[in-house]
Amino acid sequence: MISVIVPIYNVRPYIETCIDSILCQTYKELEILLVDDGSTDGCLEICEEYKKRDPRIQVLHKENGGIVSARKAGLCAAKGEYIAYVDGDDWIEPVMYERMLEILEEKNVDIVACGRYEDTGGYRRKVLQGMGKGYYDKRRMTEELYPQMIAGEKFFEWGISPNIWDKLFRRGCINSHQMAVAESIVMGEDAACVYPCLLHAESVYIMEDCLYHYRQTRTSTIKKPARDVWEYTRYKTLFQTADQFFTDNRHIYDLKKQWKRYMLFLMTPRADRLYKGIEKLDYLFPFPEVKKGSRIILYCAGTYGQKLHQYLKETDFCTIAAWTDRNFQELCKQGLSVEAPNVIAERPHDAIVIANMFAGQREEIYRELEFRYPGSRICTIDEKLIESNETMEAFGLMRQAE
């Protein structure tokens, strides 16, 4: 039996779509644990109604404690041999667990990972795992997967996504690692569980099928601001907890350097809150060519683009001549003041800033832009600057990294 754990907190507009997608699975031997984490918008009542309709559903209600706390509560109550997670504002393909379980049992692996769709309104993007499809035993994991599992050569790309919800686990593989994640962590909590699981796993299978739908909204936890001191403390806890685990398990494979790069990937978009001394810089971090007072075109309105836009609006560090994105139509429906990329030619500017953290997407955007605009004006993140000792020191990671 597969136990499907669904942490739920104030996602009323989406929760029925989520639950329906689980009930419609072609694989029926499911235990569905709906964990209401103190919702105040009526989610609990909806969950109770679903419980009356299907005996496979259990509803757990608890005081609000965060997503890690909710996942732990679900795991403690779960009885299944296999464990899966679905976030309350997402949904899954009908064949997801049938296909994943078939592979898990046929190949006798500890973890099966699939691809995902990233859904923004009517726009959908297919995202696969960074490693090739197939079976990886421990030898192949050590030789091929671990060297780029968390962070590849480029900043940033990973071999296996940190997401917990695009995977099916044997219970014995995940139980202790999920319970070890600090409940105060609100960013990187998936990675703090998934990568230790993969390091201890004896085998894994990677699918090319995209079976999970990750809904991207402006209200996603990833985009919510936190008080600086709390946010800094949470990242420090995340770094130290996982870093200690990787230190203790270096005999399997040394992932400490990759974990450092992952932390920089998380912290760079939040540099306005986490980079000590950012107010003293005469350039826009991490774009050293973009000086204070420049007129810029801000290109991309994903998580990083939204955060950078907010920072620039609050500080007037640079003047935003335009904020553009290829997916501007869907983003406008979410209330963002994003325009079509063709306005770049109409607006006087000193630089085009590509606000994207993913190497592949960043390079693709750069190639498109350089056909129409001078390359000297197109600015991307400076990878060497991000990974420098100066940045590590500013983020408070230098001592731990050493």
Using distance only, find each side-chain donor-acceptor pair of residues 109-123 under 3.5 Å and give its atom names and separation, not counting sequence neighbours.
unit_1	atom_1	unit_2	atom_2	d
D110	OD2	E202	N	2.8
R116	NE	E118	OE2	3.2
R116	NH2	E118	OE2	2.9
E118	OE1	R125	NH2	2.8
D119	OD1	H213	ND1	3.0
D119	OD2	R124	NE	2.6
D119	OD2	R124	NH2	3.0
T120	OG1	Q216	OE1	3.2

- prompt: Going by distance alone, is a donor N or O of one side chain under 3.5 Å from an acceptor N or O of the other, for E31 and Q58?
  reply: yes

message: Could you check whether atom CD of Q329 has more than 12 heavy atoms from other residues, nucleotides or ligands sitting under 6.0 Å from it?
response: no

- prompt: I352 pairs by side chain to side chain contact (heavy atoms under 4.5 Å, CB included) with which of L298, T380, I297?
  reply: I297

statement: Sequence neighbours excluded, the answer for salt bridge (Lys or Arg N to Asp or Glu O under 4.0 Å) partners of E383 is R362

- prompt: Does the side chain of L369 reach to within under 4.5 Å of the side chain of I365, using non-hydrogen atoms?
  reply: yes

message: Any heavy-atom pair between the side chains of R261 and I150 that's under 4.5 Å?
response: no

- request: Indicate whether any N or O donor in one side chain lies under 3.5 Å from an N or O acceptor in the other, for D248 and Q244.
  value: yes

message: Treating N10 as the side-chain partner and T40 as the backbone partner, does any N or O pair qualify as donor plus acceptor under 3.5 Å?
response: yes

Results of ring pair (Phe, Tyr, Trp, His ring centres under 6.0 Å) for F395 - residues two or more places apart only: Y275

statement: Applying salt bridge (Lys or Arg N to Asp or Glu O under 4.0 Å) to E49 and not counting sequence neighbours gives K52

- request: Flag this pair as yes if the NZ/CZ of R140 is under 6.0 angstrom from the six-membered ring centre of Y136 and inside a 45 degree cone about the axis; otherwise no.
  value: yes

query: For residues 177-199, which residue pairs qualify under side chain to side chain donor-acceptor pair (under 3.5 Å), counting only residues two or more places apart or in two chains?
result: R71-D190, Y85-Q178, H177-H200

- request: Output yes when a side-chain donor or acceptor of T237 lies under 3.5 Å from a complementary backbone atom of T233, and no otherwise.
  value: yes

- line: ring pair (Phe, Tyr, Trp, His ring centres under 6.0 Å) filter on Y205, not counting sequence neighbours, yields none

Interatomic spacing from OH in Y82 to CZ in F169 - rounded to 0.5 Å: 14.5 Å

statement: For residues 130-139, the salt bridge (Lys or Arg N to Asp or Glu O under 4.0 Å) pairs (sequence neighbours left out) are R139-E143

message: Could you tell me if K276 sits above the aromatic ring of Y232, with its cationic atom closer than 6.0 Å to the ring centre and no more than 45 degrees from the axis?
response: yes

query: Do D20 and T17 have side-chain N/O donor and acceptor atoms under 3.5 Å apart?
result: no

- request: Mind jotting down which residue pairs meet the salt bridge (Lys or Arg N to Asp or Glu O under 4.0 Å) criterion with at least one end in residues 282-299? Sequence neighbours excluded, please.
  value: R295-D350

message: Show every ring-ring contact (aromatic ring centres under 6.0 Å, His included) that has at least one partner inside residues 342-371, sequence neighbours left out.
response: W158-F358, F265-F358

- request: Taking atom types as modelled, find out whether D166 and S161 have a side-chain donor-acceptor pair closer than 3.5 angstrom.
  value: yes

- prompt: If you measure only the distance, is there a donor-acceptor pair under 3.5 Å linking the side chains of R372 and N342?
  reply: no

query: What salt bridge (Lys or Arg N to Asp or Glu O under 4.0 Å) pairs are there with at least one residue in residues 321-336, not counting sequence neighbours?
result: R326-E364, R326-E368, E330-K333

query: Going by heavy atoms in the side chains, are S203 and K107 under 4.5 Å from each other?
result: no

message: Per the side chain to side chain donor-acceptor pair (under 3.5 Å) rule, what does the pair list look like for residues 312-323, sequence neighbours excluded?
response: Q310-E314

Exam field: side chain D41 to backbone R12, donor-acceptor pair closer than 3.5 Å: yes

- prompt: Counting only heavy atoms not in E346, do more than 12 sit closer than 6.0 Å to its CD atom?
  reply: yes

- prompt: Are T391 and F285 close enough, and set up right, to give a side chain to side chain contact (heavy atoms under 4.5 Å, CB included), and what steps lead you there?
  reply: CA-CA 10 Å; T391 301; F285 178 83; 3.7 Å; yes

query: Which pairs count as salt bridge (Lys or Arg N to Asp or Glu O under 4.0 Å) when at least one residue sits in residues 95-104, sequence neighbours excluded?
result: R99-D209

Any side-chain donor near an acceptor of the partner, K62 and S69, under 3.5 Å: yes

